[in-house]
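Basis for what follows: all heavy atoms, side chains included, without hydrogens, waters or symmetry-related copies. Please read all numbers here as calculations on a predicted model, not as lab measurements.
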Amino acid sequence: MSNALNPAQQSAVEHVEGPLLVLAGAGSGKTRVVTHRIARLIDLGILPSDILAVTFTNKAADEMRTRIRTLKNVQALACTFHSLGARILRESIHELGYKNDFTIYDEEDSEKLLKGCLNQLQLSEEKGILKQIRHQISSAKNDLVGPEEVKDDPLFAQVYPLYQNKLKECNALDFDDLLYLTVRLFKESERARNEYQNRWLFVLIDEYQDTNLAQYTIAKTLVDRHKNIFAVGDPDQSIYSWRGARYQNILNFESDFPGAKVVTLDQNYRSTNCILQAANALICHNANRYDKKLWSALGEGSKIGAYVGQNEREEAEFVAHKIFKHVADDHISLNEIAVFYRTNAQSRTFEDALLSRRIAYSIIGGLSFYQRKEIKDILSFLKMIVSNTDLISFLRTIHIPKRGLGAATIEKIVEAAQGSPIFSFCEELASRGEMNGVKLGNRQREGLKDYIHVVRSLRNKRPGLNLHELISEVVSETRYLSYLQEDPESFQDRKENVDELIGKAAEWEEEQMAPSLNHFLEELSLRTNQENREQGPSIKLMTLHNSKGLEFKLVFLVGLEEDLFPHVNSKDDPQAIEEERRLCYVGMTRAKRHLYLCSTIYRYMWGSARMMRPSRFLKEIPTQYLQSLSSSSLRKVEVEEEPHAEGFMPGDEVVHKEFGTGVIQKAYQGSFGLTYEVLFPHSGTTRTLAAKYAKLQSP
């Protein structure tokens, strides 16, 4: 991008007084516009201290300050909303009855205080109640709901006021108070409101589409007198509703500030026109947006590759093959390559494909699949099935779930077991109740007996089960899903990872001549030890939510199937589907030169192999921008609907001429091609039927 501003950018920069909304499309140089706007104000004689720029991350604020310093050699106030709140409250919070030298609690501090509140109210911490209430408090504060306003939830109505009072007694604020109490200060103190409305005469808000109610209220209050607000954002890139962002704030800008000027930045400096035109066509299916069409002076570029694999392993193999080809042919660095997926669990097949080829990768915003807690937990239980001596796996699994055996007791057991296999020692200790100086209370003894019973039961079942069935049995016997539900915020992600491990095992068994549990564990240990050993360039793997603000020469957007992307949780909510579409748009517009959209016909999901339908987003992109890279005739599903008789989905009702009406339970590729497991409720039987012979019909 040259130093010169384009006409739209120049128009935004030269605007001085009054409200201005800059609709900044992806890759359109919005940070450049914000910093040049500040430089322009300084050139007009406005003091840097009269200017406030607010954004969402410390990184963005640092970049803004650096650019301003480079342009004008002045120190401007560019900060996040939370640091702005902290600055205001340090000066004026005494008007709310706090002392100005308050402490800011981190998440761990806040949870400890909340735990004390639950204990005081004699409320149990079971089933993730602590995390649940912490989330409720955070949401309430961001939605400006005070403790005194909670009426419809008796439990929350008890805890929230007590928690807030305890914070005040400690002269402490949690992270959300930095916004919530700033709004309260503005509402309750006319002096403070006037002070800050007069302090900053020009206010610039970046990523305006991501503001929650508290942030929006702070911004609107600060400019209520002079109306000199310069808001930059893009409703098409609003993807954070799950953390309180309200894209309606940017759509309502003109009604909030009558007479506001609107400037659209639609020239993209990142991507080729083929990518942009496809993204434009996709996002046009959203109703709630400002219309704009991104374009580029970088030329048409190559078409978007559209690939449909037979299953997720084939999808990952395709991605790995294309990476090799682009690195060799186009000399693209690994640092310029990214794979985007909708859920964390999807990383596993790509990690496997890259590890097997010794291609360096790094997970952005998360852990490698095999390093995730839930995966290590299940693998540790599997190790206990085959070993009496694995102390590390014993220590990891003995508390899943909690059994009344505290850290001190476990330490004594380990010390007393020196020289003996740890599991064998525990068996004898549980039987006797006292051994080698370790004496167990009744609850501790029962807890240890329960653990031993679980491991023994799994050992007994092992010979009669396939590997993936054994892992499912581990999840069931250990009550692992109930254990995961103690943290409701992370439950869905962690459950998907567990399901993906079961899928991995099923896939691995198919590849092996003589699959065994020992061999499986050995291979995973070797893979884990290989991960991220190499320093230097690496392919970036990440969820789509983590991709915002980034750019890469080569992008793979994978898993484009209904119920995966768009996610199953959004399918009955038109607003949620629009956000999923915005997420797809964000992913596509990260690509600078090459973009691939990938999906599969079958995928192991929710504990079983399922037949997948192509994502609606694939169908919303005109075929003129796509190049089909799928060879099998089965894979024509990417551009046309599958005939219903050849593509029933789990849950579909079907009619068989002899067996009557049934419900599809599973669809997969068997010895005779497409095969269904069908439950016939009338007879109570489940039958395995080959599609080409069964001639199933819709009711």
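- Atom CG of residue Asn212 and atom CZ of residue Arg246 lie 8.0 Å apart, to the nearest 0.5 angstrom.
- Asp450 and Arg479 are joined by a salt bridge, as a carboxylate oxygen and a charged side-chain nitrogen come within less than 4.0 angstrom of each other.
- Donor-acceptor pairing under 3.5 Å is lacking for the side chains of Glu107 and Ser110.
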>> Checking Glu486 against Lys131 for the salt bridge (Lys or Arg N to Asp or Glu O under 4.0 Å) test, could you report, in this order, the C-alpha distance in whole Å, the side-chain angles of both residues, the deciding distance, and whether it holds?
In response: CA-CA 8 Å; Glu486 292 177 11; Lys131 295 271 187 185; over 6 Å; no
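- Listed here is the closest heavy atom pair of Asn100 and Ser92: ND2-N, 3.8 Å.
- Salt bridge Arg193/Asp224: absent, no basic N to carboxylate O contact under 4.0 Å.
- Remark: the Gln492 side chain and the Glu496 side chain contain an N/O donor-acceptor pair separated by less than 3.5 Å.
- Checking side-chain atoms of Ser380 against main-chain N and O of Lys376 turns up a donor-acceptor pair under 3.5 Å.
- Checking side-chain atoms of Gln346 against main-chain N and O of Thr343 turns up a donor-acceptor pair under 3.5 Å.
- Of the possible donor and acceptor atoms, one in the side chain of Arg590 sits under 3.5 Å from a partner among the backbone N and O of Val586.
- Taking 4.0 Å as the cut-off between side-chain N and carboxylate O, Glu91 and Arg199 count as a salt-bridged pair.
- With respect to the salt-bridge test (charged N to carboxylate O, under 4.0 angstrom), the residues Asp234 and Lys30 do not qualify.
- Side-chain atoms of Thr478 come within 3.5 Å of backbone N or O of Val474 as a donor-acceptor pair.
- Checked against the 6.0 Å centroid threshold, Tyr160 and Tyr163 do not count as a close aromatic pair.
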> Ser368 and Glu351: side chain to side chain donor-acceptor pair (under 3.5 Å), yes or no, with the steps?
Replying inline: CA-CA 8 Å; Ser368 162; Glu351 291 185 63; 2.5 Å; yes
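- A salt bridge links Lys548 with Asp210: the closest approach of a Lys/Arg side-chain nitrogen to an acidic carboxylate oxygen falls below 4.0 angstrom.
- The closest side-chain donor-acceptor pair between Tyr290 and Glu254 falls under 3.5 angstrom.
- Salt bridge status for Glu580 with Arg342: present, with a side-chain N to carboxylate O gap under 4.0 Å.
- Glu578 places a side-chain N or O within 3.5 Å of a backbone atom of Ala287 that can act as its donor or acceptor partner.
- Remark: Phe175 CZ is loosely packed, at most 12 non-hydrogen atoms of other residues, nucleotides or ligands lying under 6.0 Å away.
- Thr211 places a side-chain N or O within 3.5 Å of a backbone atom of Tyr208 that can act as its donor or acceptor partner.
- The number of heavy atoms from other shown groups lying within 6.0 Å of CG (Asn442) does not exceed 12.
- Salt bridge annotation for Asp106-Lys112: absent, with no cationic side-chain nitrogen under 4.0 angstrom from a carboxylate oxygen.
- Phe102 contributes atom CZ, which lies 5.0 Å from atom CG of Leu89 (distance to the nearest 0.5 angstrom).
- We find that Lys495 and Glu374 are not joined by a salt bridge, their nearest charged nitrogen and carboxylate oxygen being 4.0 Å or further apart.
- In this structure a side-chain-to-backbone donor-acceptor pair under 3.5 Å is missing from Arg603 to Glu312.
- Although no hydrogens or angles enter the test, the distance criterion places a donor-acceptor pair under 3.5 Å between the side chain of Arg372 and the main chain of Asn344.
- A salt bridge links Asp291 to Arg289: one of the charged nitrogens lies within less than 4.0 Å of a carboxylate oxygen.
- When every heavy atom of Ser255 is checked against every heavy atom of Pro258, the shortest pair comes out as O-CD, 3.8 Å.
- Remark: Asp487 does not engage Arg134 in a salt bridge, criterion side-chain N to carboxylate O under 4.0 Å.
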> Should Phe230 and Phe202 be marked as a ring pair (Phe, Tyr, Trp, His ring centres under 6.0 Å) after you check the CA-CA gap, both sets of side-chain angles, and the distance that decides it?
Replying inline: CA-CA 8 Å; Phe230 184 96; Phe202 294 88; over 10 Å; no
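- A salt bridge links Asp174 to Lys141: one of the charged nitrogens lies within less than 4.0 Å of a carboxylate oxygen.
- Judged by distance alone, the side chains of Arg348 and Asn497 never bring a donor and an acceptor atom under 3.5 Å apart.
- Between the side chain of Glu95 and the backbone N or O of Leu185 there is no donor-acceptor pair closer than 3.5 Å.
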> Would Ile400 and Phe381 count as a side-chain contact (heavy atoms from CB on, under 4.5 Å) if you check the C-alpha gap in whole Å, the side-chain angles of each, and the deciding distance to 0.1 Å?
Replying inline: CA-CA 10 Å; Ile400 301 174; Phe381 272 113; 4.0 Å; yes
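- Without hydrogens or angle criteria, Gln215 side chain to Phe81 main chain gives no donor-acceptor distance under 3.5 Å.
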>> Run the side-chain contact (heavy atoms from CB on, under 4.5 Å) test on Arg582 and Tyr247 for me, step by step, so that the C-alpha distance in whole Å, both residues' side-chain angles and the decisive distance to 0.1 Å come before the verdict.
In response: CA-CA 11 Å; Arg582 292 194 293 270; Tyr247 73 94; 3.7 Å; yes
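- Salt-bridge check for Lys504 with Glu500: failed, with every basic side-chain N at 4.0 Å or more from each acidic carboxylate O.
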